Chemist: 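Here it is, the structure in full.
Values in this document were obtained by computation on a predicted structure and should not be read as measured data.
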Amino acid sequence: MLGSVPVNILKIDRRFLKDLEPAGSSAVILEKIVELAKNLGKKTVCEGAETQLQIDFLKQIACEEVQGFYYSRPLSEKDFIVYMQQHL
């Protein structure tokens, strides 16, 4: 089904990062999901990153985009504008 769905980005649920251990089953599953998405010509975004270990792992497996509290808690529009001005 994944190959026939007309989308170009695959969003990976944060549950896969929750108990990440680099040699554990979640790590293997995440790596294979990203690999599969790339083979299907789809970009990947993983949500729920909260630690440097998770960020490093997602970079290692070449996940293109990452969302999570590691970067910021949810912000109002006004606070988001301020945040972006401070971090560009």
Chemist: Are Thr44 and Glu65 close enough that some pair of their side-chain heavy atoms sits under 4.5 Å apart?
Modeler: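 Contact flag for Thr44/Glu65 side chains = no.
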Chemist: Would you say Pro74 and Phe69 make side-chain contact, with heavy atoms under 4.5 Å?
Modeler: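 Yes - at least one pair of side-chain heavy atoms lies under 4.5 Å apart.
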Chemist: Between atom CG of Leu53 and atom CG of Leu20, what is the distance when rounded to the nearest 0.5 Å?
Modeler: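 That separation rounds to 5.5 Å.
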Chemist: Might you work through the side-chain contact (heavy atoms from CB on, under 4.5 Å) test for Gln60 and Asp56, ending with a clear yes or no?
Modeler: CA-CA 6 Å; Gln60 177 188 330; Asp56 292 343; over 6 Å; no
Chemist: Check whether any side-chain N or O of Gln54 sits under 3.5 Å from a backbone N or O of Glu50 as a donor-acceptor pair, and report yes or no.
Modeler: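 Flag set: sc Gln54 to bb Glu50 pair under 3.5 Å.
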Chemist: List, one per line, each side-chain donor-acceptor pair under 3.5 Å for residues 23-41, sequence neighbours excluded.
Modeler:
unit_1, atom_1, unit_2, atom_2, d
Lys32, NZ, Glu35, OE1, 3.2
Lys38, NZ, Ala62, O, 3.0
Lys38, NZ, Glu64, OE2, 2.8
Asn39, ND2, Glu35, O, 3.4

Chemist: Are Leu17 and Val45 connected into the same hydrophobic cluster when the rule is that any two of I, L, V, M, F, W, Y join if their side-chain heavy atoms are below 4.5 Å apart?
Modeler: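 The answer is no; the residues belong to distinct hydrophobic clusters.
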Chemist: About how many Å separate CZ of Arg73 and OH of Tyr83, when rounded to the nearest 0.5 Å?
Modeler: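 Those atoms lie 12.5 Å apart.
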Chemist: With a 3.5 Å distance limit and no angle check, can you tell me whether Lys11 reaches the backbone of Cys46 through a side-chain donor-acceptor pair?
Modeler: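 Checked: no pair found.
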Chemist: Starting from the C-alpha separation in whole Å, work towards a yes-or-no answer on side-chain contact (heavy atoms from CB on, under 4.5 Å) for Lys43 and Asn8.
Modeler: CA-CA 6 Å; Lys43 290 180 71 174; Asn8 55 5; over 6 Å; no
Chemist: Mind checking whether Met84 and Val66 sit in one hydrophobic cluster, side chains of I, L, V, M, F, W, Y counted as touching below 4.5 Å?
Modeler: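 Yes, same cluster.
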Chemist: Assess the residue pair Gln52 and Tyr70 against the criterion (side-chain hydrogen bond (donor to acceptor under 3.5 Å, both in side chains)); give the C-alpha distance rounded to whole Å, side-chain angles, the decisive distance to 0.1 Å, and a yes or no.
Modeler: CA-CA 8 Å; Gln52 186 66 53; Tyr70 178 82; 2.4 Å; yes
Chemist: If you compare all heavy atoms of Tyr71 against all heavy atoms of Ile55, which two are closest, and at what distance to 0.1 Å?
Modeler: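 Looking at all heavy atoms of both residues, the closest pair is OH-CD1, 3.4 Å.
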